[in-house]
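Notes to accompany the following structure.
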Amino acid sequence: MMTDISMIRKLKNIREEFGIWTAVKRVIGKIIRPVFETNSAYWFGKDLNGKFTEVPVGMNLTADFLSGEETIAWLKKQKETWMYDESEIEAARRRKHYFPSVKYHGEIIGYAKAGTEKIYIRDYRGEISLPKGTGFIYDLYVKPEFRNKGIAAYLIRELTEELKTKGVSKLGCHIPGWNHASVRVFEKLGFKKEKYVRHFRILGMIRFNITKQGRRETNTVPVIKRNTPGFLRRGKLIRDYISVIFGTGFGRGLSFITSLLLARALGTTGFGIYSVFFTLMMLSWQLLGVFDGIYIRYAKAGHQEKQTDYLRAIFFMKLLLFFVMVCSAFPTGYAVSTFVFKKPELAFYVSSAVISGAFLSVFTTLGGILLAKERFNIYSVFINIFYTVFFLFIGAGVLFKLNLTPFEITLLNTMLAALMGGLGIWYLWRKTKPIFFPEPLLIRNMVHFGKWLLAESIIYNLIQRLDILFLARTASYDQVGIYSAAVRTAMFAGILTTASTTLFMPKGCASLKSKKQLSAYLRESLLLNSALAGGIVLLIIAVPAFIRMFFGRHYMPAIPAARLLLLDAVFILFYTPFSFLFFASGKTKMIFYFGLAKLCVVSAALLLLVPRMGPTGAASAICLTSLCGLGLAAAASSTLIKNESFSGNAG
């Protein structure tokens with residue numbers, strides 16, 4: 001009962017001091033806290049060699065730096081329960097932190113908590129490490145009836161003088177954005193906003209920060225090393241991977257659930273028709289993705305000063321190809337459906353796929369910007385936007401028992417893609433302020449570097465989609481639907497491979513700057529991919545139960561194909577780190593040759609196996625192709641490493 005009374009009292013105090021909306025947000029936060037919690041604060045810094053702005057105090061005050069235990073006892077008696085946190089107090093005692101109080105006629109009317117080396121942050125439920133010579137104020141309070149009299153400024157100045165005698169030359173603090181009064185006090189005393197940090201905690205375990213730098217950069221020491229609290233810096237590779245795999249897994253999970261809804265609602269025939277559209281949309285979408293890779297390559301390989309120029313040029317080239325694709329969509333739809341698939345009824349689906357892919361490719365340019373900055377946390381949220389919106393629409397259709405058809409679903413998909421692409425074009429236009437004729441040297445550099453990547457991208461995406469396209473020409477829609485169920489089952493391995501690719505692309509692009517970086521890159525990729533391969537083996541074992549449970553008995557013939565596609569994911573895992581070595585060295589022609597060799601293998605294998613084995617033959621061809629590609633990449637990478645001079649410039 002005491003806890004309930006304390007909570008009600010606390011909410012009442014918050015409502016009175018900061019307003020009803022802040023109190024409501026605190027209640028909502030308490031409800032969802034076991035699953036998800038977040039908080040944010042501005043981080044301030046000040047060089048103590050500078051002067052403090054004088055704030056007059058019209059009272060006879062005393063700052064007591066020896067009253068630590070007296071202050072702690074006083075905190076226990078206050079009605080504001082947040083003042084006394086057992087974990088915070090115990091950590092402060094271990095580190096011998098300061099608990100100075102300010103007294104008026106011998107009575108405590110305010111206090112501060114400050115320390116050095118390591119500070120326990122209540123919102124993070126953990127400690128952060130501070131640079132040497134840095135002090136940090138992590139709590140400051142003055143009784144309401146004594147506020148607006150300069151008492152807080154007086155205590156900060158006295159605390160500063162005390163810390164300077166202990167060798168502290170820089171001082172920091174963090175203040176939530178809603179605490180305007182404290183922000184004004186510290187800014188009046190010369191503290192500058194260094195950064196804005198939002199902290200996340202998921203299921204009490206996954207913890208990460210999203211940090212924005214302040215508008216004005218100063219020479220004051222950042223209060224969080226490398227923009228991340230110390231207890232979050234350990235195991236950065238694992239944290240980045242968890243962040244990416246969480247975002248990728250969330251998006252893939254939504255896509256998988258959407259596929260399940262569509263597979264059951266449309267049946268094998270309708271699902272097969274939609275799968276043809278989806279395959280061509282992904283092919284069109286990913287073909288232009290090569291430009292994002294080029295931007296990442298220049299952003300990470302020593303061309304920092306021209307990032308905006310390259311982004312502007314890449315956006316120009318993407319827009320050019322975007323308009324070409326949109327204008328040619330309907331002629332392409334007619335030609336492909338009539339002469340390639342020999343199914344004229346697919347003309348609408350092919351045209352819509354080209355248009356959707358063109359719009360989405362522009363939207364995902366924003367993802368390339370985030371990857372270049374290694375902002376994996378934000379990227380993990382960004383990649384889920386399209387999948388989330390599409391899932392909500394399909395889920396609503398199933399919930400209200402609408403009679404979904406492949407035509408209606410395709411039309412909805414295209415409209416959403418156009419909306420996302422339009423937003424991407426608007427944002428990039430404002431960010432880059434493009435000119436219609438970018439600097440010729442930039443275009444020449446990108447064409448020289450990207451021509452082989454574009455060719456390889458076309459080949460790679462053809463290899464990934466050629467199985468369904470081949471089935472669409474030679475088999476019934478039912479077989480296409482069954483094979484699509486196998487592809488969706490293997491999607492769970494795709495979560496692991498895609499996250500690995502996302503994580504190691506920027507690292508691979510910088511790996512040839514030194515032998516140390518190369519060694520770390522190869523070691524980390526080998527260890528991580530080996531662990532992921534073990535997880536995929538477990539998925540292979542569970543395939544029959546998985547398909548029976550989620551897709552139903554009509555899709556049981558997909559089991560052999562699903563297992564082969566999962567094995568293919570293992571080969572892709574180990575192929576990817578090798579391919580980025582050629583990406584970093586600028587030997588993109590070699591990547592194209594790998595792709596060309598794999599295209600020859602997969603074409604011959606599909607031609608030989610699909611007529612005899614159907615969906616299982618298509619999966620066998622894909623698996624065999626990836627195995628051959630892995631062998632070629634490993635052999636060629638060994639030669640590249642021996643010949644690399646490690647000049648520090650990746651090209």
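In what follows, residues are counted from 1 in the order of the sequence shown.
Contact of the I409 side chain with the F277 side chain is not registered, since no non-hydrogen atoms from C-beta on lie closer than 4.5 Å. At least one side-chain heavy atom of F470 sits under 4.5 Å from a side-chain heavy atom of L607. You'll find the side chain of L567 stays beyond 4.5 Å of the side chain of V537, heavy atoms only. Residues K342 and T338 have side chains not in contact (no heavy-atom distance under 4.5 Å, counting atoms from C-beta outward). In this structure, R264 and L260 have side chains that are not in contact, with every pair of non-hydrogen atoms separated by 4.5 Å or more. A heavy-atom distance below 4.5 Å is not found between the side chains of L606 and L471. S351 is not listed as a side-chain neighbour of T332, based on a closest heavy-atom distance of 4.5 Å or more. Side-chain contact between Y477 and T268 is absent, with no heavy-atom pair separated by less than 4.5 Å.
Remark: Y427 engages no residue in a ring-ring contact (aromatic ring centres under 6.0 Å, His included) (not counting sequence neighbours). Not a single ring-ring contact (aromatic ring centres under 6.0 Å, His included) links F390 to another residue, sequence neighbours left out. For R465, the side chain to side chain donor-acceptor pair (under 3.5 Å) partners are Q286, not counting sequence neighbours.
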Evaluate the criterion side-chain contact (heavy atoms from CB on, under 4.5 Å) for residue pair S337 and E345; output intermediate values, then yes/no.
-> CA-CA 7 Å; S337 61; E345 67 274 13; over 6 Å; no

Criterion side-chain contact (heavy atoms from CB on, under 4.5 Å) on W285 and T364, from CA distance to verdict = CA-CA 9 Å; W285 182 354; T364 50; 3.4 Å; yes

Could you check F546 against F550 for ring pair (Phe, Tyr, Trp, His ring centres under 6.0 Å), going step by step and ending with a plain yes or no?
-> CA-CA 6 Å; F546 187 89; F550 291 105; 4.7 Å; yes

Stepwise side-chain contact (heavy atoms from CB on, under 4.5 Å) check, L466 with I622 | CA-CA 9 Å; L466 199 60; I622 294 295; 5.9 Å; no

Check against side-chain contact (heavy atoms from CB on, under 4.5 Å), V480 and I468 = CA-CA 7 Å; V480 176; I468 289 184; 4.2 Å; yes

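In this structure, K343 forms no cation-pi arrangement with Y349, as its terminal cationic atom is not both closer than 6.0 Å to the ring centre and no more than 45° off the ring axis. A cation-pi arrangement, defined by a distance under 6.0 Å to the six-membered ring centre and an angle within 45 degrees of its axis, is present between K598 and Y575. Because its NZ or CZ atom is both nearer than 6.0 Å to the ring centre of F278 and within 45° of the ring axis, R488 counts as a cation-pi partner of that residue.
Under a cut-off of 6.0 angstrom, the local environment of CZ in F330 is sparse, with at most 12 non-hydrogen atoms contributed by other residues, nucleotides or ligands. Annotation for M415: atom CE does not count as buried by contact number, only 12 or fewer foreign heavy atoms lying within 6.0 Å.
Counting only distance, with no hydrogens or angles, the side chain of R612 and the backbone of L608 share a donor-acceptor pair below 3.5 Å. Between the side chain of R473 and the backbone N or O of V340 there is at least one donor-acceptor pair closer than 3.5 Å. The backbone N or O of C600 lies less than 3.5 Å from no partner atom in the side chain of S603, so there is not a single donor-acceptor pair. Checking side-chain atoms of R548 against main-chain N and O of R553 turns up no donor-acceptor pair under 3.5 Å. At distances below 3.5 Å, not a single donor-acceptor pair connects side-chain atoms of N529 with backbone N or O atoms of F574.
Relative orientation of the F271 and Y274 rings is parallel, given thresholds of 30° and 60° on the angle between their planes. Taking the six-membered ring where the residue is Trp, F322 and F359 present perpendicular rings, their angle passing 60° and hence far from 30°.
We find the OG-CG distance between S620 and D467 to be 11.0 Å, quoted to the nearest 0.5 Å. Here the straight-line distance linking atom CG of L527 with atom CG of L532 works out to 11.0 Å at 0.5 Å rounding. Between atom CZ of residue F551 and atom CD1 of residue I482 there is a gap of 11.5 Å, rounded to the nearest 0.5 Å.
A donor-acceptor pair shorter than 3.5 Å can be found between the side chains of T365 and K318. Between the side chains of T414 and S356, a donor-acceptor pair is found at a separation under 3.5 Å.
Ring centers of F386 and F363: at least 6.0 Å apart, outside the cut-off.
A side chain to side chain contact (heavy atoms under 4.5 Å, CB included) with T625 is found for exactly one of V601, L599, L630, namely V601. Just one of L262, L266, L411 meets the side chain to side chain contact (heavy atoms under 4.5 Å, CB included) condition when paired with P406; it is L266.
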